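Take a look at the structure set out below.
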Amino acid sequence: DAGITQSPRHKVTETGTPVTLRCHQTENHRYMYWYRQDPGHGLRLIHYSYGVKDTDKGEVSDGYSVSRSKTEDFLLTLESATSSQTSVYFCAITRGAETDTQYFGPGTRLTVL
Amino acid sequence: GQQVMQIPQYQHVQEGEDFTTYCNSSTTLSNIQWYKQRPGGHPVFLIQLVKSGEVKKQKRLTFQFGEAKKNSSLHITATQTTDVGTYFCAGAKAAGNKLTFGGGTRVLVKP
């Protein structure tokens, strides 16, 4: 694989609580992405990063924020979790340009009660 | 915005039979990629197509990119239980644009 880890792998939380998911890569790749996966919707881009402190919104960014203070870490924060944010979250990297092959982490299953 | 649609959403296949899944984009693509996700796993890259009309094969899998670079197909021959999973296509309008993923085709194989 591409040396991508995600933590935690599973999390159950309550509505209104803040949640932070971490994506860690070991190969110093520039581009990192956060997706959510829901039945019938495939993979939808939440936020992405093209370098340290350089981030931008994807198609479903409302309710999420991100930070990238180091090349190897890309954090996804749900400021106040809602039940609609129950999903599987995948982090991905590309080893070259933005449109190159994406390599995915193992995913985090988040349940918001 | 760019939309990528996949059909069918579900595909039930008898072991040994062939099937095809289709990917259609609302815009012309610079390239298209296919990924496979096993149940409980993460998406894994299968192949990338770049040229108009391009055809690539991986053992029993045949991938095709349309002449207009707006559609693609994945054909699997002699389906096996190891083919179970969800197949996603993903395309980008141009270099420097992000990939947009289709909704996936979930393949179930009946032994």
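Proteins come first, then strands; the chains are lettered A, B, ... in the order of their sequence lines, and each starts at number 1. Quick caveat, the model's predicted, so the values are computed rather than measured.
Partner of B/Pro43 under the side chain to side chain contact (heavy atoms under 4.5 Å, CB included) criterion, out of A/Tyr103, A/Tyr35, A/Phe90: A/Phe90 alone.
Under a hydrophobic clustering in which Ile, Leu, Val, Met, Phe, Trp and Tyr are joined whenever their side-chain heavy atoms come within less than 4.5 Å, directly or via other members, A/Leu110 and A/Val60 fall into the same cluster. Both B/Leu99 and A/Tyr50 are assigned to one and the same hydrophobic cluster, defined by single-linkage of ILVMFWY side chains at heavy-atom distances under 4.5 Å. A single hydrophobic cluster is not seen to contain both A/Leu75 and A/Val19; linkage of ILVMFWY side chains at heavy-atom distances under 4.5 Å, directly or through other members, places them apart. Cluster membership check: B/Tyr22 does not share its hydrophobic cluster with B/Val13, using side-chain heavy-atom separations under 4.5 Å among Ile, Leu, Val, Met, Phe, Trp and Tyr. B/Phe65 and B/Leu61 fall within the same hydrophobic cluster, where Ile, Leu, Val, Met, Phe, Trp and Tyr residues are linked whenever their side-chain heavy atoms come under 4.5 Å apart, directly or through other members.
Contact record, B/Gln33 with A/Gln102: OE1-N, 4.1 Å, taken as the closest heavy-atom pair. Residues B/Phe88 and A/Leu43 share a closest heavy-atom pair of CE2-N, 4.4 Å.
A salt bridge (Lys or Arg N to Asp or Glu O under 4.0 Å) check over residues 40-50 of chain B, counting only residues at least two apart or in different chains, returns nothing.
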TODO: Any chance you could lay out the ring-ring contact (aromatic ring centres under 6.0 Å, His included) test for A/Phe104 and B/Phe45, step after step, and finish with the verdict?
DONE: CA-CA 9 Å; A/Phe104 288 83; B/Phe45 173 77; over 10 Å; no
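The part of B/Tyr35 that comes within reach of chain A is its side chain, from C-beta onward, which places non-hydrogen atoms under 4.5 angstrom from that chain. Only the side chain of B/Gln37 comes within contact range of chain A, judged by heavy atoms closer than 4.5 Å.
Going from atom OG1 of A/Thr94 over to atom NZ of B/Lys98 covers 12.0 Å, rounded to the nearest 0.5 Å.
Counting heavy-atom pairs closer than 4.5 Å to chain B, the top residue among A/Arg44, A/His41, A/Glu59, A/Gln37 is A/Gln37. Put simply, of A/Gly42, A/Gly58, A/Gly107, the one with the most heavy-atom pairs under 4.5 Å next to chain B is A/Gly42.
For A/Tyr64, the side chain to side chain donor-acceptor pair (under 3.5 Å) partners at least two apart in sequence or on another chain are A/Arg36, A/Tyr89.
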